[in-house]
Novice: 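Here it is, the structure, as structure tokens.
Below, chains carry the letters A, B, ... as their sequence lines are ordered, and counting in each starts from 1. Just so you know, these numbers use all the heavy atoms, side chains as well, and skip hydrogens, waters and symmetry mates.
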2 protein chains.
Amino acid sequence: MESRCENCIIRQFNSLRAMSKEELKQVSDSKITKTVKKGEPLFEEGDKLNGVYCVRNGVSKLSKLSANGKDQIVKLASKGEVLGQRSVISQESTNLSAIAVDDMEVCFIPKESINNTLQKNPNFTLEVLRHMAHDLKEADDVIVNISQKTVKQRMAEAFLYLQNNFGEDSEGFLALTLSREDISNVVGTATESAIRIISEFKKKGLIHTSGKKIGIKDERKLLEMVEGF
Amino acid sequence: MESRCENCIIRQFNSLRAMSKEELKQVSDSKITKTVKKGEPLFEEGDKLNGVYCVRNGVSKLSKLSANGKDQIVKLASKGEVLGQRSVISQESTNLSAIAVDDMEVCFIPKESINNTLQKNPNFTLEVLRHMAHDLKEADDVIVNISQKTVKQRMAEAFLYLQNNFGEDSEGFLALTLSREDISNVVGTATESAIRIISEFKKKGLIHTSGKKIGIKDERKLLEMVEGF
DNA sequence: GGGATACTATGACAAATGTCAGGTTTTGGA
DNA sequence: TCCAAAACCTGACATTTGTCATAGTATCCC
């Protein structure tokens, strides 16, 4: 079960690929592999993180609690993503909670290994920087989407996002199954509104459902809806 | 008028302070000082940037056009901030427009100087990384605010933000004067709604106005409103 | 100074969205 | 297997917000 980072394929998807052999060895020696059950937190808003989490399997939601008691899901992270980087880099407590949406397998990497490499290996630092630049761009897009699109448009967009990023199962349902509440927290709306729009989309033949599973039926119309037609 | 980066105080506020003397010298030799008039763009969404802009004076709005034809202002950048970093780092065209809200004085620094230093000076890279980590955190906060707060709450927050970040003039008005439209684009609402809420706040004695200038009268109540009381 | 243009303001209305209240169904654990 | 809890769903209603229309006001440029 336990394995060496040097041989880990996951690494190819994130900034760790810019580490040297020796650095990876150090990471591998200090890392701790953990399993996290669905619904359990990797960390919570306000925690001081002593390291980062590299996702090997499963999906985590990154969310932030707002004053009115609702969570806003800012990002869904899956295989290959590294969580907690920002907190470790800026040496602040984290502003997001990370909760498992699936059963997960993650590697915890102590911050010393990361900070060490950040100071010595410019390639690694630059690689992390590039990733963060990308995340920031995505965040800007989310801001514009949320503020300028209707709930319906954002719902349509969310389904397409789930399809593109997590794919479909053999029966044509979205591979990542979220609760209605989670969906509403991604979109930034009330759970009832999310449910209502799901019903509406179903009636219009845009999606089909089975229990909490949702499948996309008419991708094109969903896309048009996102664009505002 | 023209001056050397080595002697520039502005630099202390941004990542350029992590540059070595030689690196700064190179930057200084290659930089171009520009003045940008109110309303003119530094760059526009989709442009490929050949460098970054270091703000010496004035304020710039960073905005993104949405499908429905409205701009969303994502950030207001003033003295000391470096614009266009993300685009240069990720080597993509920029996803935001930067337009002067004031008359501005900026230094354009060609990307070669930046990229060069990024690859050679881990301290500089790390410093840029820290800044970006901070920006990303702020962006997450904006996402949560926009999606979970009412327009009224966001308006109140915007005024407090302007007060905290740009201060007040001698008569107690916010030092940065934005048009009603710009305010609505910061908050993410219709201009009419913004105007209506300004009227309402005025009636309730939370703010006072004179022309387009706005002053905060009851900071405490505004704060309570943001928190949801 | 005067006219065009942009900005500010307000009312009336429609549409979108949230809230509350009440059901039904599904799920997970004893 | 069965029960309780959680999740899902729907209706009714209030509130928020956007849109359209229209008018006043400031500003800029010739």
Novice: Classify B:K70 by what it touches in the nucleic acid, base, sugar-phosphate, or nothing, heavy-atom distance under 4.0 Å.
Specialist: sugar-phosphate
Novice: Take A:K61 and A:D182, measure what side chain to side chain contact (heavy atoms under 4.5 Å, CB included) needs, and give me the verdict at the end.
Specialist: CA-CA 9 Å; A:K61 57 178 175 183; A:D182 278 344; 2.8 Å; yes
Novice: Atom pairs under 3.5 Å, N or O on each side, protein against nucleotides 8-11 of chain D: can you list them with distances?
Specialist:
residue: D:dC8; atom: OP1; partner: A:R180; partner atom: N; Å: 3.3
residue: D:dC8; atom: OP2; partner: A:R180; partner atom: N; Å: 3.2
residue: D:dC9; atom: OP2; partner: A:R180; partner atom: NE; Å: 2.7
residue: D:dC9; atom: OP2; partner: A:R180; partner atom: NH2; Å: 3.2
residue: D:dT10; atom: OP2; partner: A:S199; partner atom: OG; Å: 2.6
residue: D:dG11; atom: N7; partner: A:R196; partner atom: NH1; Å: 3.0
residue: D:dG11; atom: O6; partner: A:R196; partner atom: NH2; Å: 3.1

Novice: Are B:E92 and B:S90 linked by a side-chain donor-acceptor pair shorter than 3.5 Å?
Specialist: yes
Novice: If we check side-chain contact (heavy atoms from CB on, under 4.5 Å) with B:F159, which of these qualifies: B:I183, B:N164, B:L206?
Specialist: B:I183
Novice: A:K37 has an atom NZ; how far is it from atom P of C:dT27, in whole Å?
Specialist: 19 Å
Novice: Measure the distance from NZ on A:K149 to P on C:dA16 and round it to the nearest whole Å.
Specialist: 17 Å
Novice: May I ask you to evaluate whether B:S193 reaches the phosphate of D:dG18, defined as a side-chain N or O under 4.0 Å from OP1 or OP2?
Specialist: yes
Novice: State whether the number of non-hydrogen atoms from other residues, nucleotides or ligands found under 6.0 Å of B:K79 atom NZ is greater than 12.
Specialist: no
Novice: Is A:T189 near enough to C:dG18 that one of its side-chain N or O atoms lies under 4.0 angstrom from OP1 or OP2?
Specialist: yes
Novice: Rounded to whole angstrom units, what separation is found between the NZ atom of A:K38 and the P atom of D:dA7?
Specialist: 10 Å
Novice: Quick check for you: to the nearest 0.5 Å, what is the distance between A:E105 atom CD and A:K34 atom NZ?
Specialist: 13.0 Å
Novice: Decide yes or no for B:I198 and B:R180: does some side-chain heavy atom of the first lie under 4.5 Å from some side-chain heavy atom of the second?
Specialist: yes
Novice: Whole Å only: how far is the CG atom of A:D182 from the P atom of D:dA6?
Specialist: 16 Å
